[in-house]
Amino acid sequence: MGKYKNIIFYITTIAVFSCLMYFFIVEGQTLEVKENIVAKTSSGSTWDNFLESFKTNLHHPLALLLAQIVTIILVARLFGWICMKIKQPSVIGEMIAGIVLGPSLLGMYFPEFSAFLFPKESLGNLQFLSQIGLILFMYIVGMELDLSVLRKKAHDAVVISHASIIIPFALGIGLSYYIYQEFAPQGIQFTSFALFIAIAMSITAFPVLARIVQERNLQKTKLGTVVITCAAADDITAWCILAAVIAIVKAGSFTSSIYVILMAIGYVFLMIKIVRPFLKRIGDLQAGKNTINKPMVAIFFLTLILSAYATEVIGIHALFGAFMAGAIMPENTKFRTMFIDKVEDVALVLLLPLFFVFTGLRTQIGLLNDSHLWMTAGFIILTAVIGKFAGSALTAKFLGINWKESLTIGALMNTRGLMELIVLNIGYDLGVLSPEIFAMMVIMALFTTFMTGPALDFINFIFKSKKSEHEENSDHNDAQYRVLLSFDNPESGSTLLKLAHDFTSKMNGNKSITAMNIAPVEEMHAYDINEYENEQFKNVIDTSHDLKLKVTTLFKASTDIENDLTSISNKGNYDLLLIMLGKSMYEGSLLGRLLGFTTKIINPEKLLNTVKGKGNIFNNSPFDDFTLQILDKTNIPVGILVEKDFKSADKVFVPIFNLSDFYLLEYAKRLINNNNSQIIILDVAGQIRNNIEVKEIIRSIEQVAPNHITLYNEKKIEKEFLNSQDLMLISSKSWKNLIDTKSLWLSDIPSTLIISNP
């Protein structure tokens, strides 16, 4: 009755108020006559009117901006993904995406579409929105600078850092002398032109450099520390010099800019001595909390905006203010991480690609239409590489660093990336750089950033020792049983370590266990990578102490986890790789439903018939994409754990479906020898009793460890039996068949180790 009551009320309400609205509309139309309002009439058909209205909506500034944002993000992510696949920073792809969408490619070959998507009148909106993205980005860059580390390590790196600025700066001014008359915009003084060319030669992209250091696992080495400190000091120095250069360019001469520089010094003093202590007190209120409340977020964002506004008004650009606001943030690592997480996605994913495309729209590579211009561009690139690469490397060598590390420092410091584009756009906005020289400098930024990875690989190749670390370990440990476990969270690492211990606990010095965590590089920031690593390995270390087990830890930041994992596994001469089946599979729709099934008795013969049945076993994939890639690319045995509160492999169930599963007996034997496990083998196909070789293997195990292995030939398996087991060992082929046939076993199985032999 209540259901019909609600329906009657709903219909009555709609009807009454619809009538009321109709009454007011009809009565309201009579008011038009009194006001002499004439209804608009349109010529043409309804369809024509619709098309005209649709075209107007397409060209509406907001609709156009949204279309531009969608296109830019899609193209930027595509090119970024391609570059990551070829071991290049994603920023390279985003820079290329900007050029592709600009007049150099899209505008040249599809001019009508380019004019529709990026009309000149819309570029103002795109520019201001991209500037907001840059302000947020520079705020993040400032926060990623760990000033405490900089203070401790500055004495080791300040010479290299300042040499890596002064040498290319001087070469940039020398270069300007030769290209000024031909390429400087009309009315621009030589000093202004030369200073901007010089600062463009001197900049280093700290964020890109930090990511490369992480990806190549250099962050814990002395080299990594030195180069990160160099880049941080370089960033601070270069931005201070840039602020002075902007002041000089805007004022017209150094003497005229003295007032601006004095105001800038006063601003920096205010930020460090007054604003920074205030923000520290605010940050201290957040100590121990896992969230930042909205009033506190508002305070920090207000500080950012006021700082950027102040530097823009002073005349040294808003980006310097954003950088400064980030640098004076409270030095609490956890606090900075939480705040960066709030800003980073919007800044880097949504707004920053707009800047790349806006730069690309300004970059007209077609202007370089003869060999002389390309030779000039090549000369600019050569000057940039000599100044930054050679200047940093030779300085490092002079300080006593070996040639390999000196050249590595030079290659890394030569990375320019996004920071270069920021400098170039400032120069372009100030009218200091002409379109031709702007295009050449953008090409230089792309080239010097792109060359970093290949240069590092070439340096490693030249100085490659006769044997790699993995090969040396292999030579010394050929007799050892080497287990590599790879985990993605602390809990799974601890569980896999317990399993590895069960396989090796009595092998004493004849075993080697390595726990590896490969983390997505985008989840980390340069200043908190050590804390991130400690958190990931905490449970593993605690478990190793409980088990009195020696474990080697291996941490790597990666942009391609699958390939890095398989590469390390294959090169390390390991005997077994242990990984955890993805939770998405274990809790997913298929297995989740199967785990909900309940049954008292399971008939192995029926299961065998379905396992032998025809059909494509890959229709319902038993593994997530990550696991499938690991199985395809590794050339060592892989154990994939489906975890159901695993503690220890004391009772182990091993179903044998066919002769190809007999390799599981070797792993069962290891569990008996090292963990005193009780093994029950289920002869599902009835092939063991007819196979003399396998029966001999079982008999040999019984002689060494009597009463530890049982051959089970029962026709039916009780649910209680499965529930009483600690672990099931199964071949990957049989597991695929269980999933494919939606076997009732899946509702009751214990933790399961799926073993795949290469």
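As a basis for the values below, the full set of heavy atoms in this structure was taken, side chains included, without hydrogen atoms, waters or symmetry mates.
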(Q) More than 12 heavy atoms of other residues, nucleotides or ligands under 6.0 Å from CZ of F458: yes or no? (A) no

Q) Taking everything shown except K669 itself, do over 12 heavy atoms lie less than 6.0 Å from its NZ? A) no

Q | Check against side-chain contact (heavy atoms from CB on, under 4.5 Å), I228 and F206 | A | CA-CA 8 Å; I228 284 287; F206 173 77; 4.3 Å; yes

Would you please name every residue forming a side-chain hydrogen bond (donor to acceptor under 3.5 Å, both in side chains) with [X], sequence neighbours left out?
X    : value
N676 : K506
K538 : D542
S677 : N675
S494 : T543

[X] vs [Y] side-chain heavy atoms within contact, under 4.5 Å:
X    : Y    : result
S544 : L497 : yes
D726 : V652 : no
V638 : I579 : yes
V551 : T514 : no
L554 : I568 : yes
T566 : I630 : yes

Closest contact, heavy atoms only, [X] versus [Y]:
X    : Y    : value
A649 : D502 : N-OD2, 2.9 Å
S486 : L496 : O-CD1, 3.5 Å
T504 : Y481 : CG2-CD2, 3.8 Å
L664 : P655 : CD1-O, 4.1 Å
A668 : V654 : CB-CG2, 4.5 Å
I459 : A411 : CD1-CB, 4.2 Å

Please check this pair: side chain of [X] against backbone of [Y], looking for a donor-acceptor N/O pair closer than 3.5 Å.
X    : Y    : answer
Q88  : F450 : yes
R336 : M143 : yes
S567 : N563 : no
E643 : F646 : yes

To the closest 0.5 Å, what do you measure between [atom1] ([X]) and [atom2] ([Y])?
X    : Y    : atom1 : atom2 : value
K342 : I292 : NZ    : CD1   : 6.0 Å
L549 : K498 : CG    : NZ    : 12.5 Å
F79  : L74  : CZ    : CG    : 12.0 Å
D488 : I561 : CG    : CD1   : 8.5 Å
L484 : N573 : CG    : CG    : 12.0 Å
M728 : S734 : CE    : OG    : 9.0 Å

Contacts under 3.5 angstrom, residues 749-758 side chains, donor-acceptor by atom type, not counting sequence neighbours:
{"unit_1": "S751", "atom_1": "OG", "unit_2": "K644", "atom_2": "N", "d": "2.8"}
{"unit_1": "S751", "atom_1": "OG", "unit_2": "K644", "atom_2": "O", "d": "3.2"}
{"unit_1": "T752", "atom_1": "OG1", "unit_2": "P750", "atom_2": "O", "d": "3.0"}
{"unit_1": "N757", "atom_1": "OD1", "unit_2": "Y667", "atom_2": "OH", "d": "3.4"}

**Q.** Ring-face cation of R670 near F503 (centre distance under 6.0 Å, axis angle within 45°)
**A.** no

For [X], all residues meeting side chain to side chain contact (heavy atoms under 4.5 Å, CB included), sequence neighbours excluded:
X    : answer
E535 : E531
S90  : M84
E405 : L223, I401, N402
I73  : I69, R77, L350

Q: For residues 451-461, pull every pair meeting salt bridge (Lys or Arg N to Asp or Glu O under 4.0 Å), keeping only residues two or more places apart or in separate chains.
A: R216-D457

Q.
Strictly by salt bridge (Lys or Arg N to Asp or Glu O under 4.0 Å), give each pair with a member in residues 647-656 just once, sequence neighbours left out.
A. D645-K647

Q: For D564, check salt bridge (charged side-chain N to carboxylate O under 4.0 Å, His left out) against everything at least two apart and list the hits.
A: K87

Between [X] and [Y], do the side chains contain an N or O donor and an N or O acceptor separated by less than 3.5 Å?
X    : Y    : answer
K633 : N570 : no
T415 : T449 : no
T495 : S492 : no

**Q.** Test side-chain contact (heavy atoms from CB on, under 4.5 Å) applied to V483 and K511, step by step
**A.** CA-CA 8 Å; V483 180; K511 66 181 175 183; over 6 Å; no

(Q) Go through it in stages, so that I can follow the logic: the residues are I680 and Q725, the test is side-chain contact (heavy atoms from CB on, under 4.5 Å), and I'd like the CA-CA distance, side-chain angles, deciding distance and then a yes or no. (A) CA-CA 9 Å; I680 294 179; Q725 302 302 305; 4.2 Å; yes

Q: Evaluate the ring-ring contact (aromatic ring centres under 6.0 Å, His included) criterion for residues F537 and F487: first the C-alpha distance (whole Å), next the side-chain angles of each, then the deciding distance (0.1 Å), finally the verdict.
A: CA-CA 10 Å; F537 280 99; F487 62 95; 5.4 Å; yes

Q) Is there a side-chain contact (heavy atoms from CB on, under 4.5 Å) between K404 and N460 once you walk through the steps? A) CA-CA 8 Å; K404 180 183 178 181; N460 289 332; 3.3 Å; yes

